[in-house]
Amino acid sequence: MRIGVLGAMPEEVSSITTLLTRPTPRHLGGREFIGGRLASHDICVVHSRIGKVAAAAAAVELIARLGVEQIVFVGVAGGLAPQICTGDIVVADRLAQHDLDASPLFPPLEIPLTGRTHLPTDPAIRACLRAAAERFLAEEGSVLTPHQAPSRPPRVHTGEVATGDQFIGNAAARDRVRALLPGALCVEMEGAAVAQVCDEYAVPCGVARLISDDADDHAAQHFSRSLEQAAGLCAAGIIRRYIEWL
Ligand code: ADE
């Protein structure tokens with residue numbers, strides 16, 4: 001199978017490209033796409049950069065020019081729900097854009113002219129990502145730094161994810177996202193854009209997020225620490241197991 005793997009940060013993507021045999025770069029639309037083999041699959045890994053437009057553009061290239069048959073996004077996110085702790089992993093079952101509001105033309109959160117607020121991930125990809133994340137935590141969870149493994153061992157959750165072109169780093173911003181999407185487990189900046197592109201092209205997708213921070217006043221500091229110490233290992237640990245089990 002031909003699989004596209006997306007990450008927003010260089011730390012996440014470079015750890016995944018080290019898994020590939022015969023990595024071969026290709027430049028399209030200002031991005032480097034690295035093709036290679038892993039466990040008898042053709043993989044194409046791309047550093048999208050941060051945000052919805054960047055992620056959507058990278059997803060379109062993966063599908064329309066590089067012919068991937070599915071897309072998996074891996075990265076970090078800020079925790080929103082009370083049961084979510086830093087060091088946990090969230091596998092998205094559906095995603096919505098918390099910053100999408102074309103009211104009064106359309107209801108807040110609705111993707112104009114589609115009648116939809118949420119887009120689902122693929123159930124089979126989701127189940128396999130969850131199993132890969134659980135195995136990663138069991139076998140390598142100790143790589144997560146102290147601030148990421150506070151009161152209990154890290155867990156994997158499946159649920160709703162909020163996406164928007166904002167880094168959420170204070171209580172007011174976090175509460176605004178919580179009020180708009182009360183069921184969301186975490187917040188990030190790309191997932192719903194990738195899910196929308198995949199939906200439009202009928203390509204199955206999955207999204208897995210390591211919780212780097214609590215979307216509060218310490219979020220920027222914890223985000224940076226997580227990127228340095230854990231995000232790359234987690235991204236590669238999940239993707240390696242996911243692709244080996246396909
Ligand atoms: N990705 C990781 N942490 C985040 C946060 N607090 N807000 C938005 N995206 C994030």
Side-chain angles (χ1 to χ4, degrees), residues 1-17 19 31-34 38 41 43-63 66 68-78 88-98 118-130 132-133 136 156-165 167 184-201 203-212 223 226-227 231-243 246:
M1 189 173 343
R2 202 165 168 74
I3 302 158
V5 179
L6 269 166
M9 299 299 290
E11 291 85 347
E12 293 150 357
V13 171
S14 57
S15 70
I16 298 169
T17 53
L19 301 172
R31 290 188 179 77
E32 187 177 58
F33 293 75
I34 304 188
L38 178 57
H41 293 287
I43 313 297
C44 190
V45 185
V46 58
H47 166 214
S48 65
R49 303 194 302 274
I50 294 176
K52 294 193 294 182
V53 172
V60 169
E61 292 286 15
L62 281 172
I63 296 168
L66 298 173
V68 303
E69 295 157 86
Q70 62 167 247
I71 290 185
V72 177
F73 194 106
V74 278
V76 295
D88 287 356
I89 295 169
V90 170
V91 176
D93 67 358
R94 59 193 202 134
L95 303 101
Q97 299 172 56
H98 65 76
H118 289 75
L119 291 169
T121 54
D122 178 76
I125 295 178
R126 194 193 301 159
C128 193
L129 272 178
R130 189 182 168 102
F136 164 73
V156 181
H157 311 259
T158 300
E160 182 184 344
V161 170
T163 300
D165 280 319
F167 185 80
L185 301 181
C186 65
V187 61
E188 39 86 310
M189 301 179 71
E190 298 84 19
V194 173
Q196 185 173 340
V197 167
C198 286
D199 185 73
E200 289 174 8
Y201 285 85
V203 168
C205 79
V207 176
R209 295 283 186 174
L210 170 69
I211 302 302
S212 57
F223 171 88
S226 176
L227 272 183
L233 285 164
C234 181
I238 292 174
I239 289 296
R240 180 172 65 75
R241 289 170 177 85
Y242 173 78
I243 285 170
L246 272 182

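In terms of the ring-ring contact (aromatic ring centres under 6.0 Å, His included) criterion, F33 has no residue partners (sequence neighbours excluded).
At distances below 3.5 Å, at least one donor-acceptor pair connects side-chain atoms of T17 with backbone N or O atoms of S14. In this structure, the side chain of R130 engages the main chain of V156 through a donor-acceptor pair within 3.5 Å. In terms of modelled atom types and a separation under 3.5 Å, the side chain of R209 and the main chain of A92 share no donor-acceptor contact. Judged by distance alone, with hydrogens and angles left aside, the side-chain atoms of S226 form no donor-acceptor pair with the main-chain N or O of S212 at under 3.5 Å. Of the possible polar contacts, none joining the E12 side chain to the G232 backbone as a donor-acceptor pair under 3.5 Å is found.
The line from CD1 of I89 to OG1 of T158 is 11.0 Å long, rounded to the nearest 0.5 Å. In this structure, CG in D88 is found 8.5 Å from CG in L210, a value given to the nearest 0.5 Å. Note that the CG atom of L95 and the CG atom of D199 stand 11.5 Å from one another [nearest 0.5 Å]. Between the CG atom of L227 and the CE atom of M9 there is a distance of 4.5 Å, given to the nearest 0.5 Å. Distance check: C198 SG to I63 CD1 gives 4.5 Å after rounding to the nearest 0.5 Å. The CZ atom of R241 sits 14.5 Å away from atom CG of L246, with the distance rounded to the nearest 0.5 Å.
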L6 vs L62, side chain to side chain contact (heavy atoms under 4.5 Å, CB included): CA-CA, chis, key distance, verdict: CA-CA 9 Å; L6 269 166; L62 281 172; 3.8 Å; yes
Show your working on side chain to side chain contact (heavy atoms under 4.5 Å, CB included) between K52 and Q196 and close with a plain yes or no. CA-CA 10 Å; K52 294 193 294 182; Q196 185 173 340; over 6 Å; no
Please determine whether side chain to side chain contact (heavy atoms under 4.5 Å, CB included) holds for the pair D122 and Q70, giving the CA-CA distance in whole Å, both sets of side-chain angles, and the decisive distance to 0.1 Å. CA-CA 9 Å; D122 178 76; Q70 62 167 247; over 6 Å; no
What do the steps show when you test F167 against I50 for side chain to side chain contact (heavy atoms under 4.5 Å, CB included), and what is the final call? CA-CA 10 Å; F167 185 80; I50 294 176; over 6 Å; no
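At a threshold of 4.0 Å, the pair E160-R94 counts as salt-bridged, since one of the basic side-chain nitrogens sits closer than that to a carboxylate oxygen.
Checked options I34, I239, V68; the residue passing with V5 is I239 (criterion: side chain to side chain contact (heavy atoms under 4.5 Å, CB included)).
Between A59 and V197, the shortest heavy-atom distance links the atoms CB-CG1, 3.9 Å. Smallest separation of non-hydrogen atoms from V194 and A55: CG2-CB, 3.8 Å. Annotation for R126 and T121: closest pair NH2-O, 2.8 Å, computed over non-hydrogen atoms. When all heavy atoms of I243 and I43 are compared, the closest pair comes out as CD1-CD1, 3.4 Å. Smallest separation of non-hydrogen atoms from A8 and S48: CA-OG, 3.6 Å. Of all non-hydrogen atoms in E190 and G51, the two that sit nearest each other are OE2-N, 3.0 Å.
With contacts defined as side-chain heavy-atom distances shorter than 4.5 Å, the pair V13/E32 does not qualify. A 4.5 Å side-chain heavy-atom check between V90 and V161 finds at least one atom pair inside the cut-off.
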